[in-house]
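Data block below; observations after.
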Amino acid sequence: MTETLPQQYTTDLPAAWTPAEVEQGMYQRWVDNGYFTADASSDKPPFCIVLPPPNVTGSLHMGHALNHTVMDALTRRRRMQGYEALWLPGMDHAGIATQNVVERQLAGEGLSRHDLGRERFVERVWEWKAEYGGKILDQMRRLGDGIDWGRERFTMDPGLSRAVQTIFKKLFDDGLAYRAERITNWCPRCLTALSDIEVEHSEDEGELVSIRYGDGEASIVVATTRAETMLGDTAIAVHPEDERYRHLVGTEVELPLTGRRIPVVADEHVDPSFGTGAVKVTPAHDPNDFEIGQRHSLPSLTVMDERGVITANGPFQGLDRFEARPAVVAALRELGRIVAEKRPYLHSVGHCSRCDTVVEPRLSLQWFVKVAPLAQAAGDAVRDGRTTIHPPELAKRYFDWVDNLHDWCISRQLWWGHRIPIWYGPDGEVVCVGPDEQPPTGEGWHQDEDVLDTWFSSGLWPFSTLGWPDRTADLARFYPTSVLSTGYDILFFWVARMMMMGLYAMDGVPPFEHVYLHGLIRDASGKKMSKSRGNVIDPLAWLDAYGADAARFTLARGANPGSDMALAEEWAAGSRNFCTKLWNASRFALLNGATTARPVPAREQLTDADRWILDRAEQLVSEVDELFERFEFAKLCEALYHFTWDEYCDWYLELAKVQIAEGGERAEATRTVLGHVLDTVLRLLHPVIPFVTEQLWTALTGGETVVLAQWPTSTGVPTDTVAARRIESVQKLVTEVRRFRSDQGLKPGQRVAARLSGVDGADIAGHLGAVRSLARLTEPEDSFTASASLEVALAGGLVLVELDTSGTIDVVAERRRLAKDLSAAEKELAQCDGKLNNPAFVDKAPAQVVDKIKVRREAAVADIARITARLDALPEG
RNA sequence: GGACGCAUAGCUCAGCGGGAGAGCAUCCGCCUUACAAGCGGAGGGUCGCAGGUUCGAACCCUGCUGCGUCCA
């Protein structure tokens, strides 16, 4: 057979894989050729992932890199499986973050947003976006994201803004969006309300001050960590059953420093066992106090402005809240009102998740979404299995949240965002304006000043990006989406809200079939990465140093469901080594004429090694498939790594060398097996490491691209167990000889004459050439004198290997080697006897387990006898 | 304060009822004609502690300790 091998490809393959030189051009070719462009009109089954939109201000961090690797792998595999695969990109407008960035820029020019005015400021933000926004999109290209760039979306785009307005109107009309005066989480720095989950609690050091209110008989001690709020107290509350204070309920006591008299009220929500059992009530500055105030019709006295500066008349007016606190305490101390002070006092303090400023509960008029009915539906969709959460342990957390949800504060006192489509009339009219409606005009009409929470528009992402509210082809084709992949840290912020909004907007159809939640990235010692710790690893540094494939493989390989991932530079280097290994193995295969141009010959024309590696590849396909379906990225990477390195490279390539050396039909058959197995591996690896596999696969097959290659499927050929057993025997024999050689200090390259007996019984007579090649043994010649020997127990029987080491052997080393084997066998025997001598075990354990132990025992006994005999035969060392 | 998760080799993690595993790190020997980003070999663990269930527990149950996360 002298047919043409695809030589043009083999010679094209450089000696080394140089990702930096190849990746960008390769990526651009993929995009230009439209491989990632989804066709809504095809008749393929749909597969769709919407990208969790990164902030327009953001840049790529490891968490993104992980999530993108996952999404890309899922999408690429489906594409290869023949799905119409759409991975839809975009960004969100990040209200507070973006406004902050542009305000900082303005501050550099000595301006505030108020100097520009709302309209000009918003223009300015758009200008900023055009110039600096979306850096992350370019970084995504470097990662190799197989994304449909033609469908890129932005939450502030006209289409998505229209979706926001439409859904707001629907919520308003259904009575699910309402305006109310409530205590909300307020950031005195960002000057806006926040939703509950945008507040992060931490245990901070503060002070607990006990203050005596009233005098003499009518005095009550209350404790507080926020002394300055006492200026706004309008009552003291005690538990109605509390005997200590029963006589005071209904009376009034003097509020120090203010001269005001405030009532003592009885409220069941007061915990009589905490502190003195009496609490001060500041309805305008505390959510619990607000509730008490409502129940007892107490006035709400606001004593701070939006920046946290005291407004109450008196000596504290104009002080910041943190200056006012010690000042108030000092003044109270002077009056002899301080009963106790505990400092430092650890307690939970809320911080703005954006800027870390201590959140100030503030009474204000805000818009809310009534979430109860939406949350119920969102919970049910998961409960009844229409949407599956992976890993399932996280579903419980999801339920806990959606089942105990407070109404969602959606208005933000910002300028950058979707302005609330509510117009107020001169006579108190409130009109909600839909997307195709004209807002009312005329004297006294004005639009609500606030914008909507960014998460409100993000919540619409799975359908707004597909064209909703229009009934587009994309929407019909790709909704509900297949998988939503994101970190579990935004399960509530985003996933739960998309579930609520999707079910609400799309007639009860949930937005995803599967929700995959990956873990968080940590440093090598398991600590959270943060700028302050200085342990952040920049993914771009990895892309530069090791290539995109290595970075991706590292992340995918660490992605065990439900657990966080520790990362270190060595991990990436290891992945780079794997890519190099794959490269070199492919180069070897190609240099030796590996090909997919011919089909693999019929089984009976193949060797045990061929059949074994083909069967293993077959098993690998099913294993990888199953692991993909279960989102087990770490395990599927491990399986691919192990097969490629430990089986294909370490054994089959070595065995193939022997077969190719035979020449003729054997060599030709080997070339097709080499080629087909490599082809399978490259296709299986492509979703995770797209670049190197593309170059190798096109070189191997001459095909246009592996991006569109067909995903491997099982052929259904049954495993050849005889071939597998023989190869395992060869592996064991070779390994034992190598071990002997190493123990005896024989150089790896040194060829040693050897005589093998018992190979027929062990059923490996056909593999002597391979054994000799892999163990570096040569045929015994006439002068052969066995100076050393070892026995290897194989599945079929014992093999004796006699070696001519042309000299003496290291008796001490050999004795040590045998002693070790003996000790292992004795331990095995003891273990087996321990079980078999236990009547309860023999009686109750399943027969197959008992039989297995018996077989193991027999083997151990035989080993002991054999090794003991050899030790006895050994000369004194 | 409530809930959950995790404790397995030096490090990071698999395994979750019947012979303790991987990657990295370590030690020894090698530039053996694809690969020193490599090859061959080796060492290393009372599977957090204490009970219990079971013929049998790293694995199931209870308690404890330590660490972490989420919610208040």
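Residue numbers begin at 1 in each chain, while the letters A, B, ... track the order of the sequences.
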Which nucleotides of nucleotides 15-26 of chain B have their base under 4.0 Å from a protein heavy atom (B), which only their sugar-phosphate (S), and which neither (-), written as one string 5' to 3'?
S--BB--SSS--
Rounded to the nearest Å, what distance is computed from the CG atom of residue A:Leu491 to the P atom of nucleotide B:rC71?
10 Å
What is the separation between atom CG on A:Asn560 and atom C1' on B:rC13, rounded to the nearest whole Å?
7 Å
Please tell me which of the listed nucleotides, B:rA37, B:rA3, B:rA34, lies nearest to the side chain of A:Arg576?
B:rA37
Quick one: is B:rA34 close enough that its OP1 or OP2 comes under 4.0 Å of any side-chain N or O from A:Lys657?
yes
Side-chain donor-acceptor pair present, A:Arg616, A:Gln619, cut-off under 3.5 Å:
yes
Expected output check: what is the dot-bracket annotation of RNA chain B, where ( ) and [ ] are pairs inside the strand (brackets for crossing ones), | is paired with another strand, and pairs are Watson-Crick or G-U under 3.5 Å?
((((((((.[[[[.)..(..]]]].(((((.......))))).....[[[[[..)....]]]]]))))))).
A:Asp650 CG to B:rG40 C1': how many Å, rounded?
10 Å
Rounded to the Å, how far apart are A:Leu653 CG and B:rC35 P?
12 Å
Between A:Phe633 (CZ) and B:rC13 (P), how many Å, whole number?
19 Å
I'd like to check the ring-ring contact (aromatic ring centres under 6.0 Å, His included) partners of A:Phe492; sequence neighbours left out, ordered by chain and number.
A:Trp401
Distance test, side-chain N/O of A:Lys747 to OP1/OP2 of B:rC30, below 4.0 Å
yes
